[in-house]
Amino acid sequence: MKNIKYLLFLVLTVALLTSCFFNPAVEDTASISLKLNPGASSRALNGEITHARVFLLSDGYSLLKFQDGNYHFEAENSSGEIVITGVPSGNWNVLLSLGKLSEGVFEEIKYGESGEIFLSPGVKNEVNIALKESPFTVSATLSGKNVRGVVGVGTKVYATSGNILYEGASSVYPMSEIPALPEGYSINSLSRGMWFDNGSSASELWINTTKGIVPYRGGVYKTDFPQENPVSVLKSGAMYFPVDEDRELPAILIYYRRPKGFGGIYIDTENLDPANWEWTNVDLSESLAGELIYDFTIRKDYGYFASSIGAFRLSEAVMREGDSDIVAQAEFFSIKEGGEEVVVFSLDFDEEAGRLYIGTEKGVYSATPHDTEVLANITRIGNTEGYPFFRVSVSKNYAAFLTVYDLFILDKSTTPAKLYKLRFNSGFPGSITGMDWINDGETLVLSGAGDRPLVPFAETTGASPIGEGGLVSLDMSKLEKLEPIY
């Protein structure tokens with residue numbers, strides 16, 4: 001029943017968020033009048049604002065599909081009035097973006113929303129929206145491209161579009177191409193891995209490909225890293241273990257997520273020849289249809305996994321000892337709301353506070369790892385209730401939580417902590433495909449695609465309803481210009 005519940009939830013979520021974007025079945029229609037005033041910003045005065053886009057978000061958290069098949073109404077208008085007719089009457093949040101349109105790619109410059117309002121039938125509803133400057137910096141190199149991932153490594157930021165890799169110096173602008181992968185490799189995504197370095201460890205770029213993990217080390221692709229008969233890797237990660245009472249040699253634990261399964265390996269400094277490695281590969285395709293492993297994160301002696309068969313953790317000892325029945329060693333845990341278990345989609349650790357942040361179908365939670373109970377002191381982050389969160393990423397002072405339409409930023413450096421919320425019309429680069437922190441955790445980078453569904457785990461295709469793709473960054477200093485929601 002538990003498995004059926006998870007599968008049913010995911011199917012319904014996908015149907016709601018990526019297939020229908022339903023139009024409420026009402027007979028009466030309304031019209032909207034928007035008075036546009038881009039204000040006196042330098043970009044507006046320089047004539048950069050050439051177009052407006054209007055989205056309607058229902059109180060059921062779905063976008064209206066307009067009669068032309070798009071999920072936005074577009075007007076070539078930097079000032080004046082926009083009139084939209086034939087809108088189903090009812091409760092809507094009107095989202096407005098002003099920006100520039102170049103070669104079919106829209107870049108947001110100013111944005112705003114009405115909040116939930118009732119659009120009365122048979123009349124012109126005048127809607128007033130206060131506009132703000134978009135806080136995002138856009139990568140001109142990748143604007144309009146289907147970017148499949150982004151990751152920060154040291155002082156560099158890497159992104160990938162198609163089978164091309166791009167590199168920037170702690171910034172999304174400018175970005176430059178780096179040498180291509182060897183022929184025969186197709187890139188799925190990017191991760192931050194690590195390897196041995198002078199008695200310790202150092203972070204490095206790991207390219208997750210259809211032929212396993214390919215580290216980019218010292219400007220060289222290490223194609224000898226994958227296992228024999230490698231699997232297609234969707235995400236990877238690693239944890240370094242120094243010599244201690246349990247270990248005579250330094251070691252690195254590697255986990256990866258693959259289609260319908262996961263795996264990994266434990267490597268110490270006496271076993272550095274890839275030819276001798278014995279990778280663990282867990283195939284869960286017969287357990288339940290769909291994308292089995294949604295996400296994972298690693299901390300100290302455990303890997304924590306979010307999956308469609310439940311959330312669980314695995315001890316590094318299981319991987320180190322090569323247990324043949326790895327799933328039997330999993331310690332399952334649950335997050336409950338109103339006595340009912342909720343689906344866990346994403347996980348990340350706050351190393352400073354020793355807390356695990358957990359994105360679920362009904363909000364974001366944090367908890368403390370526990371030796372016997374798996375998790376203790378489980379609390380929900382205020383003002384996140386009711387939203388499905390598919391991505392969570394944590395830095396020293398901040399935490400970022402993503403729904404399909406919203407980015408929440410938790411500023412942990414203040415007492416009490418402050419929570420900020422940005423709608424997609426503030427500058428999302430399409431359906432979000434990657435999220436990471438750079439510049440010592442003070443800048444958030446988001447990659448997006450225009451050819452992906454909004455829900456990350458949906459087995460559907462089609463254009464993104466919210467953008468054409470690209471790469472953007474958000475410097476946390478810009479939060480000062482935003483109003484926290486608590």
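The chain is numbered in sequence order, starting from 1. Just the heavy atoms: all of them, side chains too, but no hydrogens, waters or symmetry mates, feed the values below.
For the pair N163 (side chain) and Y185 (backbone), a donor-acceptor distance under 3.5 Å is present. Here the side chain of R423 pairs no donor or acceptor atom with the backbone of L95 at under 3.5 angstrom. Not a single donor-acceptor pair under 3.5 Å links the side chain of S334 to the backbone N or O of K336.
We find the NZ-CH2 distance between K235 and W206 to be 12.5 Å, quoted to the nearest 0.5 Å. Separation of atoms CG (L402) and CG (L446) is listed at 6.0 Å; rounding is to 0.5 Å. Note that the CG atom of D350 and the OG atom of S366 stand 9.0 Å from one another [nearest 0.5 Å]. Atom OG1 of residue T297 and atom CG of residue L347 lie 7.0 Å apart, to the nearest 0.5 angstrom. Taken from OG in S161 to CE in M175, the straight-line distance is 10.5 Å, to the nearest 0.5 Å. Once rounded to the nearest 0.5 Å, the distance linking CG of L57 with CG of D406 reads 7.5 Å.
For an aromatic pair to be called close, the ring centres must be under 6.0 Å apart, and F305 with Y255 satisfies this. Between F349 and Y304, the ring centre distance stays below 6.0 Å. In this structure, the ring of Y61 has its center less than 6.0 angstrom from the ring center of Y405.
Looking at N397 and M476, their side chains never come closer than 4.5 Å, going by heavy atoms from C-beta outward. The shortest distance between side-chain heavy atoms of E133 and I109 falls below 4.5 Å. The closest side-chain heavy-atom distance from F241 to D301 is below 4.5 Å. Considering only heavy atoms from C-beta on, L63 comes within 4.5 Å of I466 through its side chain. Taking 4.5 Å as the limit, some side-chain heavy atom of T368 sits within range of a side-chain heavy atom of R355. At least one side-chain heavy atom of L190 sits less than 4.5 Å from a side-chain heavy atom of L165. By the 4.5 Å heavy-atom criterion applied to side chains, L272 and I267 are counted as neighbours. Residues K421 and Y387 have side chains in contact (heavy-atom distance under 4.5 Å, counting atoms from C-beta outward).
Qualifying side-chain contact (heavy atoms from CB on, under 4.5 Å) partners for N276, counting only residues two or more places apart in sequence or in other chains: N271, D273. With sequence neighbours left out, the side-chain contact (heavy atoms from CB on, under 4.5 Å) criterion links S395 to Y398, W437. A search for salt bridge (charged side-chain N to carboxylate O under 4.0 Å, His left out) contacts involving E337 returns R380, not counting sequence neighbours. With sequence neighbours excluded, the residues forming a salt bridge (charged side-chain N to carboxylate O under 4.0 Å, His left out) with K156 are E167, listed by chain and number. Checked against ring-ring contact (aromatic ring centres under 6.0 Å, His included), F389 has the following partners two or more places apart in sequence or in another chain: F408. The salt bridge (charged side-chain N to carboxylate O under 4.0 Å, His left out) search around R299 returns E351, not counting sequence neighbours. Partners of V105 by side-chain contact (heavy atoms from CB on, under 4.5 Å), not counting sequence neighbours, listed by chain and number: S143, E468. Scored by the side-chain contact (heavy atoms from CB on, under 4.5 Å) test, L422 finds Y111, P135, F136, L407, S426, L474, L482 as partners (sequence neighbours excluded). For S97, there are no side-chain hydrogen bond (donor to acceptor under 3.5 Å, both in side chains) partners two or more places apart in sequence or in a different chain. For D244, the salt bridge (charged side-chain N to carboxylate O under 4.0 Å, His left out) partners two or more places apart in sequence, or in a different chain, are R247.
Of all heavy-atom pairs between I378 and A367, the closest is CG1-CB, 3.7 Å. For E361 against V343, the heavy-atom pair with the smallest separation is OE2-N, 2.7 Å. The two residues P259 and S232 make their nearest non-hydrogen contact at CD-O, 3.1 Å. V472 and P429 get closest at one heavy-atom pair: CG2-CD, 3.8 Å. Residue L253 comes nearest to I298 through the heavy atom pair O-CD1, 4.4 Å, listed as atom of the first residue, atom of the second, then distance. The shortest non-hydrogen separation linking G264 to Y256 is N-CE2, 3.5 Å.
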Walk me through it: do L314 and F262 pass the test side-chain contact (heavy atoms from CB on, under 4.5 Å)? CA-CA 12 Å; L314 284 172; F262 66 98; 3.6 Å; yes
Applying side-chain contact (heavy atoms from CB on, under 4.5 Å), run through V157 and V151 and close with a yes or a no. CA-CA 6 Å; V157 57; V151 67; over 6 Å; no
May I have the step-by-step check of side-chain contact (heavy atoms from CB on, under 4.5 Å) for N425 and E108, ending in yes or no? CA-CA 7 Å; N425 66 311; E108 292 84 353; 5.5 Å; no
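Side-chain contact, S236 with R257: no donor N or O sits under 3.5 Å from an acceptor N or O. When only modelled atom types and interatomic distance are considered, T372 and H370 share a side-chain donor-acceptor pair under 3.5 Å.
The number of heavy atoms from other shown groups lying within 6.0 Å of CG (D224) is above 12. Crowding of E385 atom CD: a count of heavy atoms from other residues, nucleotides or ligands under 6.0 Å exceeding 12. Within a 6.0 Å sphere centred on NZ of K412, other residues, nucleotides and ligands contribute more than 12 heavy atoms.
Listed by first and then second residue, the side chain to side chain donor-acceptor pair (under 3.5 Å) pairs that reach into residues 477-486 are D475-S477, sequence neighbours excluded. For residues 210-219, the side chain to side chain donor-acceptor pair (under 3.5 Å) pairs, not counting sequence neighbours, are E204-R217.
Note on ring orientation: taking the six-membered ring where Trp is involved, the planes of F345 and Y294 are tilted (angle from 30° to 60°). In this structure, F225 and W195 have perpendicular ring planes: the angle between them is above 60°, well past the 30° mark.
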